[in-house]
Asks: 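The following block contains the structure, expressed as structure tokens.
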2 protein chains.
Amino acid sequence: MSTLRADAQRNLERVLDAATEVFAVSGPDASVDEIARRAGVGHATVFRRFPTKADLMYAVVERHVDELRSLAEKALASPDPGEAFFGFVRGAAELGMTLPGLQKCVVECGEKPGAAELEQLMDRIVSRAQRAGAVRRDLKPRDVGSLIRAALFAAPPEQWRSYLDVVLEGLKPAASR
Amino acid sequence: MSTLRADAQRNLERVLDAATEVFAVSGPDASVDEIARRAGVGHATVFRRFPTKADLMYAVVERHVDELRSLAEKALASPDPGEAFFGFVRGAAELGMTLPGLQKCVVECGEKPGAAELEQLMDRIVSRAQRAGAVRRDLKPRDVGSLIRAALFAAPPEQWRSYLDVVLEGLKPAASR
DNA sequence: AGTCAAACGGACTACCGAGTCCGCTTACGC
DNA sequence: GCGTAAGCGGACTCGGTAGTCCGTTTGACT
């Protein structure tokens, strides 16, 4: 696996770190030059590891998606479906809101990396909550996801909790309103 | 006012119409060339009337904002604050969703054109509904606006009504839930 | 019809970002 | 130490877009 020369390995990590920072701030419009500069390498070095800017973005997003996936797995382990759902969402938001620009990147990626798996987990969390009557049933799990992402995305930095709260209230079934 | 030569006047209208169509589809990333082509004029003609792409976008957005403003005024005339708010929102959504890309343009414009006035009207509609107990009070009128815009923005073409419904439910005060 | 300023649009410049090339450098096995 | 392939990065190409210039056309007024 790691047949990479020591300096190459070091640069690869620097690039990934820099890319994460930069994408997290500027979203998918961040330029490769900016990332290379921040990493302290020439931009050709970036393109050598990631033939395409998109490839680099996938790599960055994938890391992030991994963290979310472990959160999702924890949620599925919880016995109370409603609790699991609302807890997961708040946790994921807490995580995602520290790297705002990445949201746009995830969307832009068209769910390419290991995200399919994450999507599946989320679908299960949501539909379980729906079956348990904790979430309204007239929406597909995917829609629940985009609705939440949209609210977080639009929220000013210090207020995303209120925005999220509105959507979560709206997601409760009419019965519990 | 209209000291414009007849052909110039005609071209100006063509450009505005084309720009509306194109911005409505591609959002602010639409290129001036594309607009000029669609209008059947050289792109220099566009730049003669609108020194800057942003100026063109402002002009297009302004038209759209005017329509929204008249809706807002109608809503303020209605006696029932809750009814007025929910009606206005649904009406505005109905209007805006026919030109999806324009939403991004409005945002990009940083509310430049006559939008300040519209914002004021919307603030009044919202806070009136809040005072009447039809909308939760823990949000500023502006936030109500962005929350709604976010949901519409994220919704797939045929489903924005459900998305909007979730947010509107979430906006109702705890009392009526 | 004749004049002329207004308007036109093709061609040009300037810039920016993605992706490639190639001569130079350096880690690492011997 | 030393030879060599892996790695490096500055300088390039290429494509796309905003904005300008200028020689030509055309509407309007007499």
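Chain letters run A, B, ... following the sequence lines, proteins first, then strands; residues in each count from 1.
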Asks: So, the side chain of R149(A) versus the backbone of Q103(A): is there a donor-acceptor pair under 3.5 Å, distance only?
Replies: no
Asks: Expressed in angstrom and rounded to an integer, what is the separation of F47(A) atom CZ from dC21(C) atom P?
Replies: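 Between P of dC21(C) and CZ of F47(A): 13 Å.
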Asks: Using the test ring-ring contact (aromatic ring centres under 6.0 Å, His included), find all partners of F47(B) that sit at least two apart in sequence or belong to another chain.
Replies: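 H43(B).
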Asks: With ring-ring contact (aromatic ring centres under 6.0 Å, His included) as the rule and sequence neighbours excluded, what pairs involving residues 132-175 of chain B come up?
Replies: none
Asks: Could you go through residues 89-102 of chain B and list every donor-acceptor pair under 3.5 Å that involves a side-chain atom there, pairing it with any protein atom two or more places apart or in another chain?
Replies:
unit_1, atom_1, unit_2, atom_2, d
E94(B), OE1, R161(B), NH1, 3.2
E94(B), OE2, R161(B), NH1, 2.9
E94(B), OE2, R161(B), NH2, 2.8
T98(B), OG1, L95(B), O, 2.7

Asks: Is R69(B) salt-bridged to D66(B), going by a charged N under 4.0 Å from an acidic O?
Replies: yes
Asks: Without decimals, in angstroms, what is the distance between L12(B) CG and dC8(C) C1'?
Replies: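 Checked: the CG to C1' distance equals 14 Å.
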Asks: In whole angstroms, how far is the P atom of dC8(D) from the CZ atom of F50(A)?
Replies: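 The answer, rounded to whole Å, is 12 Å.
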Asks: Report the distance from atom CG of N11(B) to atom C1' of dA7(C), rounded to the nearest whole Å.
Replies: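 In whole Å, dA7(C) C1' lies 9 Å from N11(B) CG.
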Asks: Between Q130(B) and R136(B), what is the shortest heavy-atom contact and its length?
Replies: NE2-O, 3.0 Å
Asks: Near DNA chain D, under 4.0 Å by heavy atom, which residues of residues 37-44 of chain A?
Replies: V41(A), G42(A), H43(A), A44(A)
Asks: Indicate every side-chain donor-acceptor pair of residues 74-87 of chain B with a distance under 3.5 Å to a residue at least two apart or in another chain.
Replies:
unit_1, atom_1, unit_2, atom_2, d
S78(B), OG, D80(B), N, 3.4
D80(B), OD1, G82(B), N, 2.9
D80(B), OD1, E83(B), N, 3.0

Asks: Check whether the side chain of R48(A) and the base of dG19(C) form a donor-acceptor pair under 3.5 Å.
Replies: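 Answer no: no donor N or O sits under 3.5 Å from an acceptor.
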Asks: Which nucleotide in the set dA18(D), dG7(D), dG19(C) lies at the smallest distance from any side-chain heavy atom of T52(A)?
Replies: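 Given the options dA18(D), dG7(D), dG19(C), the side chain of T52(A) is closest to dG19(C).
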Asks: Rounding to an integer number of Å, can you tell me how far E34(B) CD sits from dA18(D) P?
Replies: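 Interatomic distance, CD of E34(B) to P of dA18(D): 11 Å.
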Asks: Answer yes when E169(B) and K172(B) have at least one side-chain N-carboxylate O distance shorter than 4.0 Å, and no when they do not.
Replies: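 A salt bridge is present here (some side-chain N lies under 4.0 Å from a carboxylate O).
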Asks: What is the distance, rounded to the nearest whole Å, between atom CG of D33(B) and atom C1' of dG10(C)?
Replies: 12 Å
Asks: Produce a footprint string for nucleotides 23-30 of chain C: one letter per nucleotide, 5' end first; B if the base is under 4.0 Å from any protein heavy atom, S if only the sugar-phosphate is, - if neither.
Replies: ---BSS--
Asks: Are the side chain of E34(A) and the backbone of V22(A) linked by a donor-acceptor contact shorter than 3.5 Å?
Replies: no
Asks: Could you tell me how far apart F23(B) (CZ) and dT17(D) (P) are, to the nearest whole angstrom?
Replies: 13 Å
Asks: I need the CD-C1' distance between Q9(B) and dA28(D), as an integer number of Å.
Replies: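 Result: 15 Å.
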Asks: Where the side chain of V32(A) is defined as all heavy atoms beyond and including C-beta, which of dA18(C), dA18(D), dG7(D) is the nearest nucleotide?
Replies: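 From the listed options, dA18(C) comes nearest.
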Asks: Is any N or O donor-acceptor pair between the side chain of R49(A) and the base of dG7(D) shorter than 3.5 Å?
Replies: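 Under the 3.5 Å cut-off, the side chain and the base do not form any donor-acceptor pair.
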